[in-house]
Amino acid sequence: MNVAVAAGPGGGGVLRPDGQAARAVAELAGAVRELEAGRPRWVWADTREVYPALLASGVRLTRCHDLTLTEGLLLGYEGRYGEPHSARAAHARLHGLPVPEDHHGPRARQATLFEEEPPPPDADLVAEVHADQLRRIESVEDPGRFRLLVAAESAGALIAAEMGHEGMPWREDVHDTLLTGLLGPRPVHGMRPAKLQALADQVAAAFGTPFNPDSPQQIVRAFKSVGLPVASTRAHEIKKIDHPGVAPLLAYKELARIYSFHGWVWADQWVRDHRFRPEYVVGGVVSGRWATSGGGALQIPKVMRKVVVADEGWTLVVADAAQLEPRVLAAMAGDGGLARAAGQTDLYQALAQPFGGERDNAKLAMLSAMYGGTSGDAPKLLAVMRQRFPRAYQFVEDAARSGEEGRLVRSWLGRTCPPPSARWRELVSGPEGSRAARDRGRFTRNFVVQATAAEWALALMAVLRGLLPAPARLVFFQHDEVMVHCPAELAEEVVAAVDRAAEEATGLLFGPTPVRFPMQALAVRCYADAK
DNA sequence: TAACGGAGCGCC
DNA sequence: AAAGGGCGCTCCGTTA
């Protein structure tokens, strides 16, 4: 059973169950809660516009179909990546009407200040676009997989909203102590923290002239002035230079990053009531990985993990998928030898034997195959891979070839990479053409693996969400890692749920396969204790 | 003054 | 000879 939903102003809305007329309700949350008992699939234009208000009213839903995300997936599949994919845009295309631009991004947001907001989609529009999407899904090469993709992406939208609602535990006091220890007390506006200033002074003294260590250009000039020209100011380059200014400069760069990225100002904006609430963007990365549009949740430095502490009497279950991408490749390529190795807990160790018994060599070979790496020993190791694991090798080679030739590649479930730009087509027939072709080949080579890994992770989360015992909550997700916040006495049950979810996700995507996808799940009081 | 690209580096 | 994929975020310094 599907129920089309449109949220109206003032907490009201319109509901349209399959085969029935739309009906307006004064209090949407209450009406939705009632219907949820029948476990319908909620169909709406955009989860971000409807679900947060429902969550705020205490309503949680099992499943949905997000028209905007689905439209993006379908357009991508149809080779029309990047066209407007809101429900309104989809509706307009259906009727040959002018297609409204998606409004996101700072420029578009500003424009809407002066233009009239488009009216919210109505339930009839929602139902019509949904029907059209279901038709289009039936015409892709493997509708069953694509349906799974749409379900997983939509579940991701629910989860992202729920995680935003719940927030990740974040101890402001521990954060402040950490910052003060590293940087000195919080400075008054416009000043550098004491320890940062002291390092800047040491750098100036070492070079004999003050300069702004935040400026790469000025760093280059400073090294030049002491007779030590540098090609770049990257840490690993600077590290090699023998000069008294190097140590304080590197220390400055490290601390300055913490100060500006995850310092007090950041906390003022993103942390409230002991919770860090970032804004996740489902499918924000072309490969289907999530992105964030604020808070930088996916780039929290490891030193900050000690700030993430479970509430009193609660625990954090932190689980990450081990060696996810090579396992995904093994499952997709149907490479018997690689799949057998991927049946082991340590895939790289299981692979070591053909690579001279060196686990590191096996790892480098796999990474080079998936990333298109060619430096150092990679060519030699790739030759071994080609011989011993021909199907896996051929799988990524085919993806690379498709990219080089300007064709599209797809993930296991059907997420499609963007087509090459007009600029690329120009470049590729010019003098620098081989370089452009190789770059795109590396992109598509990686896409098929990374995008399928993202699908596995999404499926894992969707299954896990359904298995979690109340009041356990997913509170963080980062590519191949999930975090659950739960009462301490539920920890064991949650760890078991993670294992089961990994198994079910594997079955959903790949069916029977010898490849295992082990999750390392640990119950900890503090995130920093998980690694 | 705002916008933008580049540099650099955090995460996977 | 060397050649790694994907992001977000902040700073700088230039340009519009």
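We use all heavy atoms of the structure for the numbers below, so side chains are in, but hydrogens, waters and symmetry mates are not.
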K.L.:
With ring centroids as reference points, do A:W266 and A:F261 lie under 6.0 angstrom apart?
P.N.:
no
K.L.:
Can you tell me which nucleotide in B:dC11, C:dC12, C:dC7 comes closest to the side chain of A:Q478?
P.N.:
B:dC11
K.L.:
Using a heavy-atom cut-off of 4.0 Å across all strands, would you classify A:R440 as base, sugar-phosphate, or nothing?
P.N.:
nothing
K.L.:
Nearest nucleotide by nearest heavy atom, which residue falls closer to the 5' end of DNA chain C, A:G376 or A:R221?
P.N.:
A:G376
K.L.:
With heavy atoms under 4.0 Å as the rule, sort A:A235 into base, sugar-phosphate or nothing.
P.N.:
sugar-phosphate
K.L.:
Can you find a donor-acceptor N/O pair under 3.5 angstrom joining the side chain of A:Q450 to the base of C:dG6?
P.N.:
no
K.L.:
Between A:P216 and A:T374, just flag the one whose closest nucleotide in DNA chain C comes earlier from the 5' side.
P.N.:
A:T374
K.L.:
Report the distance from atom OH of A:Y280 to atom P of C:dG8, rounded to the nearest whole Å.
P.N.:
14 Å
K.L.:
Whole Å only: how far is the CD atom of A:E397 from the P atom of C:dG4?
P.N.:
16 Å
K.L.:
Would you say A:S215 reaches C:dG13's phosphate, i.e. side-chain N/O to OP1/OP2 under 4.0 Å?
P.N.:
yes
K.L.:
Calculate the interatomic distance between A:K253 atom NZ and B:dC9 atom P; express it in whole Å.
P.N.:
4 Å
K.L.:
What's the CE-P distance between A:M519 and B:dC12, to the nearest Å?
P.N.:
14 Å
K.L.:
Using the C1' atom on both, measure C:dA2 against B:dC9 and round to a whole Å.
P.N.:
23 Å
K.L.:
So, for A:H165 and A:Y51, is the gap between ring centers shorter than 6.0 Å?
P.N.:
no
K.L.:
Less than 4.0 angstrom between a side-chain N/O of A:K302 and OP1 or OP2 of B:dG10, yes or no?
P.N.:
no
K.L.:
Let's see if you can work this out: which of B:dC9, B:dA7, C:dT10 has an atom nearest to the side-chain heavy atoms of A:T233?
P.N.:
B:dA7
K.L.:
Counting side-chain heavy atoms from CB outward, which of B:dG10, C:dG5, C:dC7 is closest to A:V285?
P.N.:
C:dC7
K.L.:
Using five pairs at each end of the helix from B:dT1-C:dA16 to B:dC12-C:dG5 to define an axis, what is the angle between those two axes, to 10°?
P.N.:
10°
K.L.:
So A:I300, base contact, sugar-phosphate only, or nothing? Heavy-atom distance under 4.0 Å.
P.N.:
sugar-phosphate
K.L.:
Output the single nucleotide from B:dC11, B:dG8, C:dG6 whose closest atom is nearest the side chain of A:N446.
P.N.:
C:dG6
K.L.:
Quick one: label A:E254 by what it contacts on the DNA or RNA (base, sugar-phosphate, nothing), any heavy atom closer than 4.0 Å.
P.N.:
nothing
K.L.:
Out of C:dG4, C:dG5, C:dG8, which nucleotide sits closest to the side chain of A:F443?
P.N.:
C:dG5
K.L.:
When we call it a touch if two heavy atoms are under 4.0 Å apart, what does A:G284 touch: a base, just sugar-phosphate, or nothing?
P.N.:
nothing
K.L.:
Which is true for A:Q217 with a 4.0 Å heavy-atom rule: it touches a base, it touches only sugar-phosphate, or it touches nothing?
P.N.:
sugar-phosphate
K.L.:
From the list C:dG4, B:dC11, C:dG6, which nucleotide is the closest neighbour of the side chain of A:Q299?
P.N.:
B:dC11
K.L.:
Remember a base hit wins even if backbone is also touched, and classify A:V449 as base, sugar-phosphate or nothing at under 4.0 Å, heavy atoms.
P.N.:
nothing
K.L.:
Using a heavy-atom cut-off of under 4.0 Å over every strand shown, decide if A:R257 touches base, sugar-phosphate, or nothing.
P.N.:
base
K.L.:
Can the ring centroids of A:W170 and A:H274 be said to lie less than 6.0 angstrom from one another?
P.N.:
no
K.L.:
Given atom CZ of A:F261 and atom C1' of C:dG8, what is their separation to the nearest angstrom?
P.N.:
8 Å
K.L.:
Taking atom C1' of C:dA3 as reference, at what distance in whole Å does atom CD of A:E404 sit?
P.N.:
13 Å
K.L.:
Rounding to an integer number of Å, can you tell me how far A:E237 CD sits from B:dA7 P?
P.N.:
13 Å
K.L.:
Tell me yes or no: between the side chains of A:R186 and A:Y259, is some donor less than 3.5 Å from an acceptor?
P.N.:
no
K.L.:
Between the side-chain atoms of A:R289 and the base atoms of B:dC12, is any donor-acceptor pair under 3.5 Å?
P.N.:
yes
K.L.:
Return the value, rounded to whole Å, for the distance between atom CZ of A:F211 and atom P of C:dC11.
P.N.:
18 Å
K.L.:
Are the side chain of A:R445 and the backbone of A:A369 linked by a donor-acceptor contact shorter than 3.5 Å?
P.N.:
yes
K.L.:
What residues, two or more places apart in sequence or in another chain, satisfy side-chain hydrogen bond (donor to acceptor under 3.5 Å, both in side chains) together with A:R272?
P.N.:
none
K.L.:
Can you confirm if the aromatic rings of A:F276 and A:F476 lie within a centre distance of less than 6.0 Å?
P.N.:
no
K.L.:
Distance check: side-chain N/O of A:N212 vs OP1/OP2 of C:dC12, anything under 4.0 Å?
P.N.:
yes
K.L.:
Taking atom types as modelled, is there a side-chain donor on A:Q323 or A:D346 under 3.5 Å from an acceptor on the other?
P.N.:
yes
K.L.:
Taking the ring of A:F510 and the ring of A:W412, is the distance between their centroids below 6.0 Å?
P.N.:
yes
K.L.:
Look only at the side chain of A:R327 and the backbone of A:A322, and say whether a donor-acceptor pair between them is shorter than 3.5 Å.
P.N.:
yes
K.L.:
Stacking here means centres under 5.5 Å and planes under 30°; does A:Y371 stack on C:dG4?
P.N.:
no
